[in-house]
Amino acid sequence: MIVAGLGLRSGCDAQALITLVLAAQERCGQQAALVAVPAFRYREAGVQAAARQLGLHLRAITPDELLAAQPRCVTRSARAQAALGVASVAEGCALAAAGPHARLIVPRLTGGAATCAMAQGEDA
């Protein structure tokens, strides 16, 4: 399974998220099956709208899942670390949702108020 992981600021609009997911898909040449976001952003209007418009299922990643995925992340954000206690939100979400043996196929891309990364689970 291919997972698009998103990190975003509160109030990020759907179009910014869609643009990032499409750019990540283009970069790896594969279509995501799922969008994963931190649980505290799951109910954001932009997140819900982006998943709906992309036709993808949406999964909330718990703080424990996000923390457990951090050793497998390749990029680090001092801002995210200071604010959230994790250094990579998008990569962490993608890896957590794709499974314990997943690998990043697109490291964090940034765009305005959001980030996106793609991970591939071992079943893909």
**Asked** Residues in side chain to side chain contact (heavy atoms under 4.5 Å, CB included) with Ala98, at least two apart?
**Response** Val3, Ala102, Ala119
**Prompt:** Tell me, do Met1 and Leu34 make a side-chain contact under 4.5 Å, heavy atoms counted?
**Reply:** yes
**Fill in**
What one should report as the nearest heavy-atom pair of Val47 and Arg41 is CG2-O, 3.7 Å
**Request:** Kindly give the heavy-atom pair with the smallest separation between Ala117 and Ala94, and that separation in Å.
**Result:** O-CB, 3.7 Å
**Asked** Looking at side-chain heavy atoms only, is the closest gap between Leu58 and Tyr42 below 4.5 Å?
**Response** yes
**Request:** Could you tell me whether the side chain of Thr115 reaches within less than 4.5 Å of the side chain of Leu8, counting heavy atoms only?
**Result:** no
**Request:** Give the C-alpha distance, both sets of side-chain angles, the deciding distance and a yes or no for side chain to side chain contact (heavy atoms under 4.5 Å, CB included) between Gln30 and Gln25.
**Result:** CA-CA 5 Å; Gln30 299 194 54; Gln25 289 179 154; over 6 Å; no
**Within residues 75-91 or reaching into it, pairs that qualify as salt bridge (charged side-chain N to carboxylate O under 4.0 Å, His left out) - sequence neighbours excluded** = none
**Request:** Kindly compute the distance separating SG (Cys116) from CG (Leu6), expressed to the nearest 0.5 Å.
**Result:** 5.0 Å
**Item:** Pairs involving residues 92-108, ordered by first then second residue, that meet salt bridge (charged side-chain N to carboxylate O under 4.0 Å, His left out) (sequence neighbours left out)
**Value:** none
**Item:** Side-chain heavy-atom pair Pro38, Cys93 within 4.5 angstrom cut-off
**Value:** yes
**Prompt:** With Arg59, which residues qualify under side chain to side chain donor-acceptor pair (under 3.5 Å), at least two apart?
**Reply:** Glu65
**Prompt:** So which residues get pulled into Val86's cluster when ILVMFWY side chains under 4.5 Å apart are joined, directly or through others?
**Reply:** Phe40, Ile61, Leu66, Leu67, Leu84, Val89
Hey, can you pull the donor-acceptor pairs under 3.5 Å for the side chains in residues 10-23, sequence neighbours left out?
| residue | atom | partner | partner atom | Å |
| --- | --- | --- | --- | --- |
| Ser10 | OG | Glu44 | OE2 | 3.3 |
| Asp13 | OD1 | Gln15 | N | 3.2 |
| Asp13 | OD1 | Ala16 | N | 2.8 |
| Gln15 | NE2 | Thr19 | OG1 | 3.3 |
| Thr19 | OG1 | Gln15 | O | 2.9 |

**Message:** Which residues pass the side chain to side chain donor-acceptor pair (under 3.5 Å) test with Gln53, not counting sequence neighbours?
**Reply:** none
**Item:** Co-members of the apolar cluster containing Val74 [side chain, <4.5 Å]
**Value:** Leu95, Leu104
**Prompt:** Just wondering, do Ile2 and Met118 contact through their side chains at under 4.5 Å, heavy atoms?
**Reply:** yes
**Item:** Partner residues of Gln70 under the side chain to side chain donor-acceptor pair (under 3.5 Å) criterion, sequence neighbours left out
**Value:** none
